[in-house]
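See structure below.
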Protein chains: 2
Amino acid sequence: MTALSHPAAPGPAGTPRPRTGRPTMAQVAEAAGVSPKTVSRVINGEPGVVATTAERVERAIAQLGYRHNHAAASLARGRTQDTVGLVIEGIAGRFYAELASGVEEVARAHGQQLLIASSEENPDRERETILALASRQVGGIIVVPRSGDHRYLRTELRSGLAVVFADRPPQRIKADYALVDNVAGAREGVTHLLRQGHRRIAFIGNELAVATSADRLEGYRQAHRDAGVDVDPALVVLGPTDVPSTEAALTRLATLPDPATAAFTQNSRLTMGAWRAIKQLDRPVALVGFDDFDLADVIDPPVTVVAQDPVELGRRAMHLLLRRIAHHNARHHHDILPTRLVVRGSGEIPPPRR
Amino acid sequence: MTALSHPAAPGPAGTPRPRTGRPTMAQVAEAAGVSPKTVSRVINGEPGVVATTAERVERAIAQLGYRHNHAAASLARGRTQDTVGLVIEGIAGRFYAELASGVEEVARAHGQQLLIASSEENPDRERETILALASRQVGGIIVVPRSGDHRYLRTELRSGLAVVFADRPPQRIKADYALVDNVAGAREGVTHLLRQGHRRIAFIGNELAVATSADRLEGYRQAHRDAGVDVDPALVVLGPTDVPSTEAALTRLATLPDPATAAFTQNSRLTMGAWRAIKQLDRPVALVGFDDFDLADVIDPPVTVVAQDPVELGRRAMHLLLRRIAHHNARHHHDILPTRLVVRGSGEIPPPRR
DNA sequence: TTGTATGCGTTATCAG
DNA sequence: CTGATAACGCATACAA
């Protein structure tokens, strides 16, 4: 009676089946008549295995349906080497989608698997999500931050986690980041309106806690300063995040006793909301938005935008991350991408005569 | 001379520092003056730890900056219990974004961390991506499949991986899935055009290898059959995937000797492409698209669509996955979601008089 | 209520 | 070129 007759028999002889039902390296090794270490070598493409042996191992792998256990490997190695994480506010929205595809493109070109997780626009969840990713032994993380204080990352950074910020800079810690030039972009968009003669330009944006918001407002202010025009604080509205509330905000601003004759909106959702409100008004209001969107050129009136390149932003962030992973002690790098004013509509909306 | 004087000394005494620079449970235990098991209890919220001890442990955790090592835990446990994966073709596009947010919503409600990975519209990458996720010990995976043969998943399914298909059914294997009713939706949209009197309706879609495409074409055929109208194969175009190629296709179909007077498009990108082409024509062409999109109601002419609910689709898929994880041997479930015809534009475009 | 011993599946070290 | 052995950090029995 051989050992094979008693597969369930305990004792030092025999290779126990793993609890998960998946075959292990030890089983593959036994089937191929080699040691586990040799199987490991074949799987990881390490040199020093003769072709015939490798082939035997490959066959055993195929026959048993063996799958590499990444958790075990990463535990044994100390840290994962081929996975990076991306934490974004939400998967919805063209901007994040494009940013993610830029990250992915570069990640794949460098043999890295990308894992995306969402923080749901919630600072607490942001922290949880990042730590969840870190505890899964990713080699590095790209964060589009929501929160205003990233000191909670100090522990991770000290322990060697590579972290890069995208679209918004880190706050209260030092780290690599890639951004678009929000100040210059907003300044250019608002200057475009000022050049047309507008003097009462509304600004509609998010809360200032989000850095991009503050920067775009700063650009709006700079444009006014450059043109020698005072900003009326009553025309600056911070808070709307969806289409209906933006519609309401714009309608209010355009029907003030001394109304806004133009508006600058801070992202494409707000731009669409503002555009819808303008359509309902009897008086035309000029509009420039930050970030381009589908059909902006064919709606009537078409919308002039400050276009950014989210795909490129993602690529840059991933490059920064790769560099940080390779050189943990390198100096911090910052990438600032330019924006591009896309003027649409031949007949711009002029300000009313006084 | 105590052991502490020789921190680097080998031997059974002393707790070695981990290679990653991150503190381990053993270090926390030592700092708190308890055993590793007690630390484990505190971390996992297991009962049976007196408050004062727990507090000591918490303090040690905070001071050392301890982070749970998920890889080690998942190895020791045999399988991750709180992570699920979602594999989609690409993050870009409103449909996938909304689907993902539906999945995420339910995942979070059930304490599951969601990891998203993209297959880049490539069947080979789809397989790699799924296996990569599986090797990371996720508890289950939701797949929006691209490939036409999923037998490669048999190994994973046998070994206990929970897999659910979303938006498109599995092929050549049995598994849970959640879909929208593509046949009925397309039939309703095309019937809408037939009721207006159109007899030459173009169909523009993707390759038939993608199941949704075939189903929507079937709906198109059924609508014709129900109305007693023959389908002209020359009006069925499969292949365009981007806006320019769709524009070209529609322009060609609308300028045939016996031209199409209406078109049904299979997804929102194709709809936008068709709409742009129609704008350039001197003759009006009626349009109905599958899947709704931003601004479809305000462009001129507005676009009637067969709307689906991708968020709900994601929710359903996640529910199926949770059920499958809980009951690995349950019967397979299939969820078919209805679509909704959204008629837009008061003045529909009539077919030309003969 | 707390601790001890053992194993999870893989990789690294070093010997053959 | 290949194999034995010892970690890796945590969880699970079971014992105290």
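Quick note on labels: first sequence line is chain A, next is B, and so on, each numbered from 1.
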Rounded to whole Å, please give me the gap between CG in A:Asp82 and C1' in C:dT11. 14 Å
Can you tell whether the side chains of A:Glu128 and B:Arg108 come within less than 4.0 Å, N to carboxylate O? no
Kindly say whether B:Ala330 contributes a backbone atom to a donor-acceptor pair with the side chain of B:Arg324 at under 3.5 angstrom? yes
Out of C:dT10, D:dA11, D:dC10, whichever nucleotide has its closest atom nearest the side chain of B:Arg77: D:dA11
Phosphate-side-chain proximity, B:Asn69 and D:dC8, N/O vs OP1/OP2 below 4.0 Å: no
Could you point out which residue of B:Val49, B:Asn44, B:Thr53, B:Val28 forms a side chain to side chain contact (heavy atoms under 4.5 Å, CB included) with B:Val39? B:Val28
Closest-nucleotide ordering on DNA chain D, the 5'-leading residue of B:Ala72 and B:Glu46: B:Ala72
Would you kindly give the CZ-to-C1' distance between A:Arg22 and C:dG9, to the nearest whole Å? 11 Å
Return yes if the base of C:dG3 and the side-chain atoms of B:Arg41 contain a donor-acceptor N/O pair under 3.5 Å, otherwise no. yes
Length of the CD-P vector between B:Glu30 and C:dG3, whole Å: 13 Å
Can you check whether A:Ser74 has a side-chain N or O nearer than 4.0 Å to OP1 or OP2 of D:dC8? no
Any A:Ser35 side-chain N or O less than 4.0 Å from OP1/OP2 of D:dT2: no
Would you say B:His70 places a side-chain N or O within less than 4.0 Å of OP1 or OP2 belonging to D:dA11? no
With a 4.0 Å cutoff (strictly under), does any side-chain N or O of A:Thr38 reach OP1 or OP2 of D:dT2? no
On DNA chain D, does the nearest nucleotide to B:Lys37 precede the nearest nucleotide to B:Ala71 from the 5' side, or the other way round? Give the residue. B:Ala71
Atom pair distance, as rounded to whole Å: CZ in A:Arg56 and C1' in D:dC1: 13 Å
In whole angstrom, give the distance that lies between atom CE of A:Met25 and atom P of C:dA12. 10 Å
Nearest of D:dA11, D:dG3, C:dT11 to any side-chain atom of A:Ser40? C:dT11
Are A:His150 and A:Phe165 near enough that their ring centres are under 6.0 Å apart? yes
Treating A:Thr129 as the side-chain partner and A:Arg125 as the backbone partner, does any N or O pair qualify as donor plus acceptor under 3.5 Å? yes
Could you tell me the separation between the CG atom of A:Leu75 and the P atom of D:dA11, rounded to a whole number of Å? 11 Å
With the side chain defined as heavy atoms from C-beta on, B:Val50 is closest, among C:dT10, C:dT1, D:dA11, to C:dT1
Between D:dG9 (P) and B:Tyr66 (OH): distance, integer Å: 10 Å
